[in-house]
Every structure is written in C-alpha cells, then in structure tokens.
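Report on the following structure.
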Amino acid sequence: MPDTSVKTVILWFRKDLRLSDHAALATAAAEGFRILPLYIREPQEAGTGPLGAAQAWWLHHSLAALQTSLEGLGSRLTLRSGHAETVLAALIAETGAAAVFWNRRYDPPGIAVDKGLKAKLIEDGIEVRTFAGQILHEPSKLKTGAGGHFRVYTPFWKALDGSGEPPEPIPAPKRLSAPDHWPKGEALDSWSLLPTRPNWAKGFEAEWQPGEEGAQTRLADFVESGLKGYRTRRDFPGEAHVSMLSPHLALGEISPATLWHATRGLSDDYSSEDYIHFRKEVVWRDFSYHLLFHFPDLATKNWNDKFDAFPWRDAPDLLEKWQRGQTGYPMVDAGMRQLWQTGWMHNRVRMIVASFLIKDLLIDWREGERWFRDTLVDADPASNAASWQWVAGSGADAAPFFRIFNPTSQGEKFDPEGEYVRRFVPELKDMPDKFIHKPSEAPVTVLRDAGVSLGKTYPKPIVDHGKARDAAMAAFQGLRAE
Ligand SMILES: Cc1cc2nc3c(=O)[nH]c(=O)nc-3n(C[C@H](O)[C@H](O)[C@H](O)COP(=O)(O)OP(=O)(O)OC[C@H]3O[C@@H](n4cnc5c(N)ncnc54)[C@H](O)[C@@H]3O)c2cc1C
C-alpha cells in the first residue's frame with residue numbers, strides 16, 4: 001500500500017527537459033516526495049511563447065525522450081494542454097498534490113505567467129518552490145558597479161566570470177516515487193507537433209538526436225574533438241569546430257553549467273584559449289537573457305530608438321528569395337538552405353545572411369527574426385532577438401551599422417575551398433574554388449565546364465553588393481542627420 005502521508009509534488013517541466021542537473025527534480029527526489037512529472041502545452045501567447053514549426057518538431061522528440069527516461073526511473077510524464085493555472089488546479093484537485101516545483105524561466109511571457117500563478121497557488125495553500133538552472137546566472141542579481149544592469153558584453157562577462165564557478169551539475173535521481181495514482185494525460189501524437197504534408201523535417205532526422213542522451217553525446221564528442229582549435233576554427237562553417245548544442249540548450253535538455261564544467265580539468269592537450277572562448281560564447285546566451293529580462297520588447301522594438309525612423313523597404317519578393325536561398329550569393333544561399341534542410345545554421349553564416357537581409361536588401365531585421373524563430377530548431381527568445389539587433393546595429397553593444405559584410409569575401413575567407421557551399425548549393429559543386437563564391441564573375445567557359453547556367457540553374461545576384469552597400473550607408477547617414 002502506498003504511504004499516503006508522503007506528499008505529492010507536481011514537477012512542472014518547461015524549458016528543462018532533462019533529468020541531470022535539474023534542481024527542482026533533484027530536490028523533490030532527495031526529500032523523498034512522490035513526484036508527478038508534468039508538461040503543459042500552454043497557449044502560444046503565454047508561457048513558453050510562440051513555438052516555431054522547427055522547434056515543434058524538436059519538442060515532440062524531446063518529450064518522447066523525456067518520457068522514456070522517466071519510465072526508466074519508475075515514473076512517467078503526464079501531458080496536458082491549456083493555461084497553466086487551469087491545468088494545475090485540475091491536477092491538484094485530481095491527485096491531492098500539495099506542492100508544485102519548477103525551474104525558473106526568463107522569457108517575459110513566461111515570467112508573467114509564473115508570477116501570477118505562484119501567488120495564486122500560495123493563496124490556495126499549495127507550496128511552490130522554484131529553482132535556477134536555465135542560465136548560468138540570475139539576470140536580476142548580476143549588477144554593474146553602479147547597481148544597474150549591463151548593456152555591454154565584456155563587463156558582463158567579467159562580472160559573471162568573477163562571481164565564481166557555477167555550481168557543479170547535480171546527478172540525475174536514480175529512482176522517483178510515484179504518486180498515489182497516475183492521472184490521465186494526453187497522447188503526444190495528438191498534439192500534432194510533427195509536420196506531415198509535406199514532411200519537410202526529413203533532413204532533421206539525419207542531423208539530430210533530440211533529448212538528453214543526444215545532448216550528452218554531442219557534448220562528449222565536441223570536447224573530444226571539436227573543442228581543440230575552437231577559438232580560431234569556430235568561424236569556418238565547413239569544419240566541425242562548434243558544438244551544435246544550441247537546440248539542446250534551447251529546450252533545456254542540458255544545462256549551461258554542464259557545458260561549463262565539461263571544460264574544466266582538461267589535459268594539457270587543450271589550450272585554455274579554446275575552452276575559455278567556448279565559455280565566453282555560452283555566456284553570450286546569458287547576456288542575451290540579461291538584455292531580454294531588462295528590455296522585454298527585445299524581439300519587437302529597437303533597443304536604440306533612433307532606428308525607429310529607418311527607411312526599411314517593403315520587398316516581399318526579395319524577402320522570399322532570401323528565405324529560399326535564391327539570392328545569387330552562394331554563402332547566403334548555402335546558409336539559408338542549411339537552415340531549411342537541417343533547422344540550424346552556423347554562427348558565422350547567421351551573421352552573413354542577417355547582414356545581407358538588413359543591409360543589402362534593406363529589409364527590417366524583425367522579418368529575419370520571425371523567419372529564424374519559425375525555422376530554427378534552436379529558436380531562442382533571447383539569443384535570436386539580441387543577435388538580430390546586434391547585426392542591425394540597433395541593439396545594446398551591437399556591431400556598428402556601417403559594418404556591412406561582403407558576402408563574397410566572407411565566403412572566400414571562411415569557406416576558402418567552398419566545402420560548405422558545395423554541400424548546400426549542389427548546383428555549384430563543380431565550380432573551381434576561385435569562382436565558387438562569385439559565379440557571376442566567372443568566364444562563360446568556366447561556367448559551362450561546371451554545368452552552371454546563370455539565371456537558369458543558379459540565380460544571378462539579386463542585388464549588386466557595392467550599390468546596395470552605398471544605399472545602406474546613405475539610409476544610415478539620413479538617420480544620423482535626424
Ligand atoms: C542573426 C542571429 C540569430 C541567432 N539566433 C539564435 C537563436 O535563436 N538561438 C540560439 O541559441 N542562438 C542564436 N544565435 C547565436 C548563435 O549563432 C548560436 O547560438 C550558435 O550558432 C549555436 O551553435 P553552437 O551550439 O554550435 O555554438 P557554439 O559555438 O558551440 O557555442 C556554444 C553555445 O554558446 C551559445 N552561443 C554561442 N554563440 C552565441 C551568440 N552569439 N549569442 C548567444 N548565444 C551564443 C549557444 O547557446 C551555443 O550553443 C543567433 C545568431 C545570429 C547572428
């Protein structure tokens with residue numbers, strides 16, 4: 001007979017779909033409570049925020065993986081849809097649960113839901129305990145010397161690094177006590193998170209293993225081989241020197257503290273330049289959350305309101321060519337096709353395609369933010385918004401607007417043999433290295449030998465980069481003159 005004197009805790013999983021380094025779960029297990037693991041599909045405008053189509057695919061597989069892991073501990077995951085307050089009230093009534101534990105989230109809609117909910121539950125006599133873990137440092141606690149929040153990355157990094165190591169990751173519990181009875185849940189398939197007609201996510205399956213196990217494997221592989229040389233080679237998209245952990249971090253299948261600690265105590269084969277640089281990149285994620293926390297409209301409003309007067313162009317045809325990877329600039333097209341085929345894009349190429357959209361096409365950065373949010377498996381409300389504003393020059397500590405990437409020379413520098421372009425733009429695969437990034441400048445004989453017919457098999461450039469650059473600078477000067 002189950003001991004009904006032991007209290008049942010609802011363990012509400014959100015952007016922390018893991019068992020290791022999960023403070024809420026570890027505490028509930030260590031204190032011997034009966035645990036009812038729950039995931040709520042909240043309305044799109046609340047809680048976890050709008051879910052893009054690519055991340056919905058990921059979420060399906062991640063929940064399935066979490067379900068399997070929980071079963072391994074003698075537990076199970078209950079799935080419910082609706083407003084968190086309604087779902088929790090119903091579950092508490094059905095199961096007699098006396099407490100709700102969760103790890104905190106830091107996106108503005110999520111914070112708003114959690115605040116109201118916590119007050120309501122406490123009022124109803126339910127214990128609520130919340131824990132850290134989604135980011136390295138609480139955004140409300142890290143302060144400048146003057147007591148304000150940070151706007152510039154380097155002092156933020158120094159403050160975070162100087163505040164001591166994040167706590168050691170907590171091991172996953174070995175077993176979880178079950179509640180008195182299991183409540184009914186919804187079937188994952190009924191949520192229709194996967195695309196069907198057509199199944200555009202086929203390429204995702206070859207690339208990714210969503211879930212905690214996939215995240216741990218990727219981290220181990222990265223530390224073993226990719227991390228050496230990270231500082232200098234992380235900019236080369238044809239090489240395997242980045243971790244590709246971002247989608248796992250986005251849904252919390254692994255904690256940032258686990259990444260940090262995986263780069264401690266390494267042998268002398270590793271250069272500290274590499275692992276410190278890696279930690280610094282992980283801290284960019286924290287910095288983005290810091291900005292979002294203090295500027296909740298980061299995805300919709302220019303941080304620097306001078307940009308409100310920017311003369312953006314309404315050009316749906318050009319936007320579509322950019323989205324489809326049909327701009328005639330191989331590096332841009334390779335990036336946009338990598339995004340479409342795999343749900344992810346290398347960081348260097350994200351900067352190139354974003355600069356192209358904003359500065360060559362003069363299209364509002366918010367169009368790019370929206371497209372990325374829908375197509376990235378790592379779509380993150382903080383990093384996506386902060387990064388788009390960074391490229392646009394409108395953000396806090398942003399790249400200056402006049403830093404306009406030349407997509408051709410960026411390609412020549414970071415993909416010198418065109419390995420990356422050949423992978424994602426196969427119609428150019430037989431172009432010689434010299435012209436792989438500028439087929440429109442290749443002599444006709446070279447094009448013919450490579451089987452390329454400009455305007456037919458591969459597009460001519462949709463804008464002239466030199467002229468587009470001048471137009472962008474003129475628009476920016478106009479802004480400064482105001
Ligand atoms: C226009 C644009 C949009 C972006 N949108 C997103 C997004 O929606 N989600 C997202 O996670 N990242 C975003 N980034 C940041 C960055 O491109 C990705 O985090 C990175 O490419 C992920 O690959 P990785 O895991 O191999 O990174 P690694 O180089 O292995 O870095 C490790 C981790 O550090 C963090 N990180 C690295 N670079 C950055 C950065 N510049 N900003 C914030 N965090 C960083 C990520 O969590 C990453 O997983 C965007 C960048 C740009 C320029």
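First listed ligand is number 1; within each ligand, the first listed atom is number 1. What you see is a predicted model; the values in this text were computed from it and never measured.
Considering each of Y230, W388, Y153, the one bringing a non-hydrogen atom nearest atom 31 (O) of ligand 1 is Y230. Of the listed residues (T375, D378, L219), the one carrying the non-hydrogen atom nearest atom 11 (O) of ligand 1 is D378.
Paired with W322 under the rule side chain to side chain contact (heavy atoms under 4.5 Å, CB included), one option of V332, I363, D360 passes, and it is V332.
Short contacts between ligand 1 and M351, defined as distances under 4.0 Å to a heavy atom of the residue, involve ligand atoms 53 (C). Close approach of ligand 1 to M244 (heavy-atom distance below 4.0 Å) involves ligand atoms 24 (P), 25 (O), 26 (O). Listed by atom number, the atoms of ligand 1 under 4.0 Å from L245 heavy atoms are 25 (O), 49 (O). Every atom of ligand 1 is numbered from 1 in the order shown, and the set under 4.0 Å from a heavy atom of L249 is 47 (O), 49 (O).
A cation-pi arrangement is present between R233 and F236, with the terminal nitrogen or guanidinium carbon under 6.0 Å from the aromatic centre and inside a 45° cone about the axis. Under the 6.0 Å distance and 45° angle rule, R14 counts as a cation-pi partner of W12. Relative to the six-membered ring of F295, K301 misses at least one condition, a distance below 6.0 Å or an angle of at most 45° to the axis.
In this structure, atom 17 (O) of ligand 1 lies nearest to the protein heavy atom N347 OD1, 2.7 Å. Protein heavy atom at the shortest distance from atom 12 (N) of ligand 1 is S383 CB, 3.6 Å. Distance from atom 50 (C) of ligand 1 to its nearest protein heavy atom, with residue and atom name: S387 OG, 3.4 Å. For atom 19 (O) of ligand 1, the closest non-hydrogen atom of the protein is S246 CB, 4.2 Å. Scanning the protein heavy atoms around atom 6 (C) of ligand 1, the nearest turns out to be R350 NH1, 3.3 Å. When hydrogens are left out, the protein atom nearest atom 35 (C) of ligand 1 is E281 O, 3.3 Å; that is the closest non-hydrogen contact. When only non-hydrogen protein atoms are considered, atom 27 (O) of ligand 1 lies nearest to S243 OG, 4.1 Å. Nearest protein heavy-atom neighbour of atom 44 (N) of ligand 1: R285 N, 3.4 Å.
Taking the charged nitrogens against the carboxylate oxygens, R348 and D235 do have a contact shorter than 4.0 Å, which makes a salt bridge. Salt-bridge formation is not detected for the pair D16/R104: no Lys NZ or Arg NE/NH1/NH2 atom is positioned less than 4.0 Å from an Asp or Glu carboxylate oxygen. A salt bridge between K228 and D274 is absent, with no side-chain N of the basic residue lying under 4.0 Å from a carboxylate O of the acidic one. Salt bridge R234/E239: absent, no basic N to carboxylate O contact under 4.0 Å. The residues R366 and E369 are annotated as not salt-bridged, no charged nitrogen and carboxylate oxygen being separated by less than 4.0 angstrom.
More than 12 heavy-atom neighbours from other residues, nucleotides or ligands sit within 6.0 angstrom of CD on E205.
Taking the centre of each ring, W200 and F204 come in below the 6.0 Å mark. Checked against a 6.0 Å centroid threshold, the rings of H241 and Y230 do not count as neighbours.
Between L376 and ligand 1, not a single N/O pair is under 3.5 Å apart. Considering backbone and side-chain atoms together, H346 places no N or O closer than 3.5 Å to any N or O of ligand 1. The shortest N or O to N or O distance between S288 and ligand 1 is not under 3.5 Å.
Taking 4.0 Å as the cut-off, A379 counts as a neighbour of ligand 1 on heavy-atom distance. Ligand 1 lies less than 4.0 angstrom from a heavy atom belonging to F278. Within the structure, ligand 1 lacks F287 among the residues with a heavy atom less than 4.0 angstrom away.
V425 meets the side-chain contact (heavy atoms from CB on, under 4.5 Å) test with D333, A334, R337, V421, E427, L428, Y458; sequence neighbours excluded.
Only the side chain of F372 comes within 4.0 Å of ligand 1, counting heavy atoms alone; its backbone N, CA, C and O stay farther away.
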